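What follows is a set of notes on a single structure, which appears directly below.
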Protein chains: 2
Amino acid sequence: MFSRACEYGIRACIHLAQISKEGGRSSLKAIAAAIDSPVAFTAKILQTLAREEIIVSVKGPNGGYEVEASRLDVITLDDIVDAIDGNSIYRGCGLGLKHCNAKKPCPLHFQFKKIRDELKEMLQSTSLNDVATGLHEGLAFLKR
Amino acid sequence: MFSRACEYGIRACIHLAQISKEGGRSSLKAIAAAIDSPVAFTAKILQTLAREEIIVSVKGPNGGYEVEASRLDVITLDDIVDAIDGNSIYRGCGLGLKHCNAKKPCPLHFQFKKIRDELKEMLQSTSLNDVATGLHEGLAFLKR
DNA sequence: TTTATATCGGATAAATATGTCCGACTTTAA
DNA sequence: TTAAAGTCGGACATATTTATCCGATATAAA
Ligand code: FES
Ligand code: FES
């Protein structure tokens with residue numbers, strides 16, 4: 001579905017959302033530990049997310065990463081996926097034709113479209129705030 | 001969604017379904033041309049599909065590959081995906097946790113499950129016969 | 001001003017997926 | 001019986017993704 005980088009990115013953002021909600025901040029190491037991901041690789045992904053202005057990086061002692069509390073409701077999963085994996089989920093064809101194209105569809109175009117639209121809707125309508133809640137209550141997990 | 005190999009595999013099977021329906025047979029070269037895929041790589045995939053008894057390989061002159069006409073209704077897209085990509089679409093977690101597990105779900109488990117179940121239903125309920133029809137009528141394409 | 005703590009970013013390495021090559025084998029038809 | 005057409009499968013090559021390393025840079029606190 002998503003690249004590994006994107007999976008780490010989403011998990012990192014969810015973790016950060018939870019921390020940021022309480023006014024906190026999380027360092028690279030802490031994030032990697034929280035989501036059980038390779039530290040250096042996670043750093044790259046966080047840099048990308050910071051460049052795309054989804055998260056904020058703070059250098060120096062007591063530094064780390066955070067999400068602006070006021071934007072927790074605004075940032076959606078789709079923003080994260082788009083920043084890391086681009087729009088290939090939407091533009092790509094399920095059978096690997098150059099681009100998905102309803103004018104010259106692959107034999108599964110309409111079946112794929114239905115599912116993809118649902119995925120799109122889900123990603124676009126789910127904010128970081130939405131998803132950080134269950135986590136805090138111990139109902140969901142970012143590592144196992 | 002699927003690996004490239006799986007995309008080629010599905011496209012090859014759809015092409016073969018169309019040919020086999022008319023009692024024909026298609027050679028490796030012809031298949032690769034029909035679905036616009038690299039010949040040698042396609043050979044590997046067809047070998048896998050033949051080993052899994054989804055398609056039949058016929059050696060020698062006038063040989064090639066075919067699908068038993070009587071099984072066109074029985075073989076589903078899910079069979080093909082399973083033969084090439086395995087069950088990772090179903091067993092894997094959307095956020096990359098070891099396995100999808102409702103007892104200790106990731107924060108997006110229920111959202112993912114819904115979409116995945118729909119995909120599963122689609123793949124399991126679509127036979128080669130279903131999908132080869134529109135193709136024959138020029139309503140769908142295997143390359144572009 | 002110094003020191004410790006962090007991120008930044010470029011180079012590199014390892015792993016996986018994709019793609020190629022070629023000799024061996026099988027089968028049909030001449 | 002021989003030649004041609006085709007698949008089989010192992011070894012090899014390339015591309016992409018994932019992961020690591022390390023020096024440079026920024027910043028807060030002592
Ligand atoms: S053309 Fe294949 S999914 Fe749209
Ligand atoms: S646990 Fe993540 S999708 Fe089920």
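Only a predicted model underlies this, so the values are computations on that prediction, with no experimental measurement involved.
- Considering only the side chain of Asn62(B), dT28(C) comes nearest among dT20(D), dT28(C), dT18(C).
- Atom P of nucleotide dT27(D) and atom NZ of Lys59(A) are separated by 6 Å, given to the nearest angstrom.
- Heavy-atom nearest nucleotides on DNA chain D were determined for Gly64(B) and for Arg4(A), and the one closer to the 5' end corresponds to Gly64(B).
- Note: CD1 (Ile45(B)) to P (dT20(C)) measures 11 Å, nearest angstrom.
- When each of Ala5(B) and Lys44(A) is assigned the nucleotide of DNA chain C bearing its nearest heavy atom, the one mapping closer to the 5' terminus is Lys44(A).
- Counting heavy atoms from C-beta outward, Leu97(B) and Asn101(B) have side chains that stay 4.5 Å or more apart.
- Counting only heavy atoms from C-beta outward, the side chains of Asp79(A) and Thr76(A) approach each other to under 4.5 Å.
- Separation of atoms CG (Leu142(A)) and OH (Tyr8(A)) is listed at 13.0 Å; rounding is to 0.5 Å.
- Between Arg71(B) and Glu53(B), the closest heavy-atom pair is NH1-O, 2.8 Å.
- Taking atom CG on Asp85(A) and atom C1' on dT17(D), their separation rounds to 11 Å, with Å as the unit.
- When the P atom of dT20(C) is taken as reference, atom CG of Leu46(B) falls 15 Å away, rounded to whole Å.
- Distance Gln47(B) CD to dT20(C) C1': 13 Å, rounded to the nearest Å.
- Regarding contacts with the backbone of dC8(D), a side-chain N or O of Ser57(B) is found under 4.0 angstrom from either OP1 or OP2.
- What separates CG of Leu28(B) from P of dG9(D) is a distance of 14 Å, to the nearest Å.
- You'll find that the side chain of Pro38(A) is closest to dA19(D), out of dA11(C), dA29(C), dA19(D).
- Applying the 6.0 Å contact sphere to CD of Gln124(B) captures more than 12 heavy atoms from other residues, nucleotides or ligands.
- Closest to the Ser3(A) side chain, of the nucleotides dA6(C), dT18(D), dT20(D), is dT18(D).
- Ile31(B) places its CD1 atom 18 Å from the P atom of dA5(D), with the value rounded to the nearest Å.
- Comparing atom distances between the Arg51(B) side chain and each of dT7(C), dG9(D), dT5(C) picks out dG9(D) as nearest.
- A sub-4.0 Å separation between OP1 or OP2 of dA17(C) and a side-chain N or O of Tyr8(B) is absent.
- One interatomic measurement links the two molecules: CZ of Phe2(A) to C1' of dT17(D), which rounds to 17 Å at whole-angstrom precision.
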